[in-house]
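Here the structure is laid out as structure tokens; the discussion comes afterwards.
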Amino acid sequence: MTIVPINVVAADQRELVAAFRASGSKSFQDAESMAVSRQNYEVSSKANGLAPDPIAHVEDVTIGSGDEVFKVRVYDPRAERLATDGVIVFAHGGGWVIGSLETHDAVCRRLSTLTGLPVVAIDYRLGPEFPFPAAHVDSARAVEWIRDSATDRGWDAQRIVTCGDSAGGGIATALAFEPSMLVAGTAVAAQVLLYPVLDLSAESAGYARITEGFPLTANTMRWFAQEFLDPATAEADRADHRVSPLLAAREANAKAQPPAWIITLGLDPLADEALEYSQLIATAGTHVELTHLPGNAHGIFTSAGKIQAGEDQLARAAEFITRMV
């Protein structure tokens, strides 16, 4: 299809998209190496993201050892630690192959500031060095660490909110419902899914609509999947409910999930799968609050310093969390 005209893009994102196109529309998959792609994401997130909110306590914690080591970053805004306080666990986006604690630092700080709750951000291992299921295993282990640390840190492990954007949004919903991801001794009170990746088993109609002119296109998603999945098991892995939660929602016996706040964007190849997911889990009995912004494209939260919708919708997500926890 032809490129989406610039005047169709929402006014608050139009300048960034126009600059991206003027510079040659080079996206993550077009970088000369994975290292450069990762660095580009770090640079763009810092340049376009929110100014970092001050948080009373910020701490990086190492979990595991050897090849299975990863980190979490704890943001705790509380002056007094109460055992009744819930906790937000955050999985960053980046197609499971780019992104870090730093790319989403300002997002996590803002969520912590607005909710008054601790946020635990997961620096899960990335593909292709650590292909699926490493990111998902690490995310479940992070929830285990939250459970084991709850008493000392004044957290209620029965009031966890799973949250994430893009690939991290898919991890967030898997943590909320997928049996192999559920952690004994914990409970998920709510999930916040920010333009999530929900199906690698097939390409939704959004892939045909968004093929060029934006940092995230159909080809970007194909590249992410290629780099994230082990070639030897990729076909089977695409149908795994941890990477394709939409398949679980389509099953006749699908059960209600924890309350969900979901945002989709009209100029995002992922919009269609998230819209279908919202309808399916709502039909199964889940409390769903859905926001759809037709003129915005993927990436509004890591560019919330330049895109007003990103900052505004973070505030709405935080309000939802406050009501649910």
Side-chain angles (χ1 to χ4, degrees), residues 38 41-42 45-46 49-64 68-78 85-126 130 134-150 153-155 157 159-176 181 183 186 188-197 261 299 301-305 310 314 317-318 321 325:
R38 289 170 177 166
Y41 193 30
E42 300 279 341
S45 296
K46 185 174 183 178
L50 292 165
D53 294 340
I55 300 292
H57 307 283
V58 179
E59 176 189 4
D60 288 357
V61 179
T62 298
I63 298 174
E68 296 185 349
V69 69
F70 68 101
K71 291 183 178 181
V72 296
R73 178 170 293 169
V74 180
Y75 303 85
D76 196 336
R78 302 170 301 165
D85 287 331
V87 58
I88 301 166
V89 58
F90 187 91
H92 69 76
W96 310 278
V97 300
I98 63 175
S100 68
L101 295 175
E102 302 307 327
T103 56
H104 290 69
D105 178 71
V107 172
C108 292
R109 286 173 179 269
R110 180 59 56 88
L111 286 172
S112 185
T113 297
L114 293 176
T115 62
L117 295 174
V119 173
V120 177
I122 312 166
D123 195 23
Y124 55 81
R125 291 170 293 163
L126 301 175
F130 298 98
H136 295 74
V137 169
D138 291 351
S139 296
R141 289 169 62 205
V143 176
E144 291 176 351
W145 178 82
I146 289 172
R147 176 199 62 196
D148 297 342
S149 305
R153 292 179 178 266
W155 298 336
R159 299 168 65 213
I160 291 174
V161 177
T162 62
C163 180
D165 69 314
S166 196
I171 290 175
T173 197
L175 285 171
M181 298 280 284
V183 174
T186 70
V188 175
Q191 51 184 322
V192 173
L193 313 181
L194 313 174
Y195 38 76
V197 180
W261 191 89
F301 295 108
T302 46
S303 296
L314 271 181
I321 292 170
V325 175

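Just so you know, residue 1 is the first one in the sequence shown, and it goes up from there. The figures that follow rest on heavy atoms only: side chains count, while hydrogens, waters and symmetry mates do not.
With hydrogens and angles disregarded, no donor-acceptor distance shorter than 3.5 Å links the side chain of Arg78 to the backbone of Asp85. Side-chain N or O atoms of Asp76 include none that pairs as donor or acceptor with a backbone N or O of His57 at under 3.5 Å. Between the Tyr124 side chain and the His92 main chain, a donor and an acceptor come within less than 3.5 Å of each other. The backbone N or O of Phe70 lies less than 3.5 Å from no partner atom in the side chain of Arg141, so there is not a single donor-acceptor pair.
Taking 4.0 Å as the cut-off between side-chain N and carboxylate O, Arg73 and Glu102 count as a salt-bridged pair.
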* To do: Apply the test side-chain contact (heavy atoms from CB on, under 4.5 Å) to residues Arg38 and Leu126: give CA-CA distance (whole Å), side-chain angles for both, the deciding distance (0.1 Å), then the verdict.
  => CA-CA 11 Å; Arg38 289 170 177 166; Leu126 301 175; 3.8 Å; yes
* For the pair Arg153 and Val87, evaluate side-chain contact (heavy atoms from CB on, under 4.5 Å) and give the outcome as yes or no after the intermediate values. => CA-CA 10 Å; Arg153 292 179 178 266; Val87 58; over 6 Å; no
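Between the CD1 atom of Ile122 and the CG atom of Leu175 there is a distance of 6.0 Å, given to the nearest 0.5 Å. Expressed to the nearest 0.5 Å, how far CZ of Arg110 lies from CG of Leu314 amounts to 7.5 Å. Going from atom CG of Asp138 over to atom NZ of Lys71 covers 13.5 Å, rounded to the nearest 0.5 Å. Distance check: Leu194 CG to Phe301 CZ gives 4.5 Å after rounding to the nearest 0.5 Å. Atom OG1 in Thr186 sits 13.0 Å away from atom CH2 in Trp155 (nearest 0.5 Å). Here CD1 of Ile160 is found 12.0 Å from CG of Leu117. Values are rounded to the nearest 0.5 Å.
Taking the six-membered ring where tryptophan is involved, the planes of His104 and Tyr41 are perpendicular, since the angle between them exceeds 60° and thus also 30°.
For Val58 against Arg109, the heavy-atom pair with the smallest separation is CG2-NH2, 4.0 Å. Considering every non-hydrogen atom in both Ser139 and Ile171, the closest pair reads OG-CG2, 3.3 Å. Pairing each heavy atom of Ala167 with each of Gly94, the nearest pair is CB-N, 4.4 Å. What you find for Cys163 and Ile88 is that their closest heavy atoms are CB-CG2, 4.0 Å. Between Pro52 and Asp105, the shortest heavy-atom contact is CB-OD2, 4.2 Å. Taking each heavy atom of Val72 and Ala142 in turn, the nearest pair found is CG1-CB, 4.0 Å.
Residues Thr113 and Ile55 form a side-chain contact, since some pair of their non-hydrogen atoms from C-beta on lies under 4.5 Å apart. Val74 is listed as a side-chain neighbour of Trp145, based on a closest heavy-atom distance under 4.5 Å.
A donor atom on one side chain and an acceptor atom on the other are found under 3.5 Å apart for Glu42 and Ser100.
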